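Worth saying up front: this structure is predicted, and the values here are computed from it rather than measured.
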Amino acid sequence: MQITSKLAYSLLFALGFQSQVIELAEDTFDAAIAENRLLMTMFYVPWCSHCQRFSPEYEKASQLLSSSDIKIAKVNCEEHKDFCKSKGVTGYPTVKIYREGVASDYTSSREANAIVSLLKKAAISPLSFVDSIHFDHFIQYDKVVVMGFFDKDSDIFNTFHDIAIAHHDAYVFGHSMDKELAKKHGIPFPGVAVFKQYDEHLDIFPGQHTAEEITSFIHRSAQPSIEEMTPVNYQALLGAKQPLAYIFFTSDEERELYHSKLSKVARRAADQLKFVFVNSNLYGAHAQTVGLSLQFPTFSIQTFDPEANFPIDQSIPLTPEVILDHLKQFLDANKEFTFNLDHLDALEEPTTPEAAQESTESDEL
């Protein structure tokens with residue numbers, strides 16, 4: 001049986017699990033704001049269904065941050081109605097981030113990992129100086145870390161600093177003047193690189209040092225080669241009207257196998273065909289909307305102009321090689337798609353879910 005995060009956290013509380021979310025009241029609120037340079041606060045009421053759905057992710061975020069100095073709090077507006085109203089709360093849940101006592105509304109993803117990522121970025125300066133001693137730790141600070149290697153009195157430093165200020169909520173930015181450190185990672189000096197906890201782990205900027213080109217490079221590099229479909233991004237993925245290639249998986253091992261084998265394929269196709277993972281245990285019914293039966297794992301391509309589905313032959317056991325063959329047949333039948341699948345080395349070993357898992361776990365920067 002698949003245990004969802006909501007059920008898992010309900011079970012933990014039933015077993016005496018101690019919440020890391022600080023419960024605030026009107027008489028403790030100001031002190032908490034004063035004591036914490038950064039504090040996220042959820043204003044909620046117990047009977048609100050949206051609050052009930054959000055609470056497990058909010059709790060999970062607090063657990064993920066428990067070893068840091070970043071705190072998460074909540075206020076029960078059923079018990080403190082007038083106080084919540086004085087804070088501008090008009091609906092539930094309302095989430096605010098207090099930086100140095102100044103409030104801003106949080107309206108982004110309600111998934112725990114997204115909350116943690118944003119708060120970790122907010123907790124540090126927009127551009128951090130990084131020396132060789134702390135470098136390895138810094139590039140693991142978040143899923144995407146952008147590093148600039150250049151002298152501080154250079155024009156590129158000023159450009160990079162402005163980019164960091166503008167995109168601080170999206171990415172972690174670091175700067176180093178260590179030429180040997182750049183050389184160690186194969187990065188030119190001056191140069192810009194994106195370190196990631198997924199895909200190729202390191203992307204080195206190949207273009208001219210203009211703000212527009214660097215910013216565009218960062219955005220492209222930060223996109224995972226294969227995104228996972230969730231209730232949060234579902235509408236955005238479909239609303240973009242970009243053709244989608246759905247990989248329905250049944251286990252983490254399957255997901256790792258398909259990712260290890262097909263991420264290069266996905267990157268090569270990215271401008272014309274967006275690859276997405278779909279957890280069939282949670283959203284398997286979506287398979288029927290793209291021409292498939294409820295038999296997993298499976299694969300299908302959906303286009304929007306014109307609207308059409310190109311499901312794989314489900315009588316054949318799904319492997320990365322079968323998916324690649326289906327993609328080639330799709331390209332043969334749809335000449336408007338021009339990405340090239342020739343000479344790909346994406347389908348190297350490992351060839352089993354277990355081996356793919358081991359390979360993923362052993363990847364290092």
Test of understanding: with disulfide bond (SG atoms under 2.5 Å apart), list the residues that count as partners of Cys51, not counting sequence neighbours. none
Exercise: identify the closest heavy-atom pair between Glu78 and Val45: N-CG1, 3.6 Å
So, Glu228 and Arg255, do they make that salt bridge, N to O below 4.0 Å? yes
Heavy atoms, side chains only, cut-off 4.5 Å: are Asp178 and Phe135 in contact? no
Less than 4.5 Å apart, side chain to side chain, heavy atoms only: is that true for Ile218 and His167? no
Output side-chain donor-acceptor pairs under 3.5 Å for residues 298-306, partner residues at least two apart or in another chain, one line each.
from, atom 1, to, atom 2, distance (Å)
Thr298, OG1, Gln314, NE2, 3.3
Ser300, OG, Val290, O, 2.8
Gln302, OE1, Tyr246, OH, 2.5
Thr303, OG1, Pro306, O, 2.8
Thr303, OG1, Ala308, N, 3.4
Thr303, OG1, Ala308, O, 3.4

Under 3.5 Å, which donor-acceptor pairs do the side chains of residues 90-98 form with other protein atoms, sequence neighbours left out?
from, atom 1, to, atom 2, distance (Å)
Thr94, OG1, Gly91, O, 2.6
Lys96, NZ, Asp105, OD1, 2.7

Set of residues satisfying side chain to side chain contact (heavy atoms under 4.5 Å, CB included) with respect to Tyr234, sequence neighbours excluded: Met229, Leu238, His286
pair Glu57-Arg110: side-chain heavy atoms closer than 4.5 Å: no
Which side-chain N or O atoms in residues 148-155 pair as donor and acceptor under 3.5 Å with protein atoms at least two apart or in another chain?
from, atom 1, to, atom 2, distance (Å)
Ser154, OG, Asp151, O, 2.6
Ser154, OG, Phe157, N, 3.4

Asp325 side chain reached by Val322 side chain, heavy atoms, under 4.5 Å: no
Going by heavy atoms in the side chains, are Phe249 and Glu256 under 4.5 Å from each other? no
Is the closest side-chain heavy-atom distance between Ser263 and Phe275 below 4.5 Å? no
Determine whether a donor-acceptor pair (N or O, by modelled atom type, separation under 3.5 Å) exists between the side chain of Lys328 and the backbone of Leu341. no
Gln208 atom CD: more than 12 heavy-atom contacts under 6.0 Å: no
Report yes if the distance between the aromatic ring centroids of Phe129 and His134 is under 6.0 Å, otherwise no. no
Starting from Ile133 and following side-chain heavy-atom contacts under 4.5 Å between hydrophobic residues (I, L, V, M, F, W, Y), which residues can be reached? none
Glu321 bridged to Lys261 by N-O distance under 4.0 Å: yes
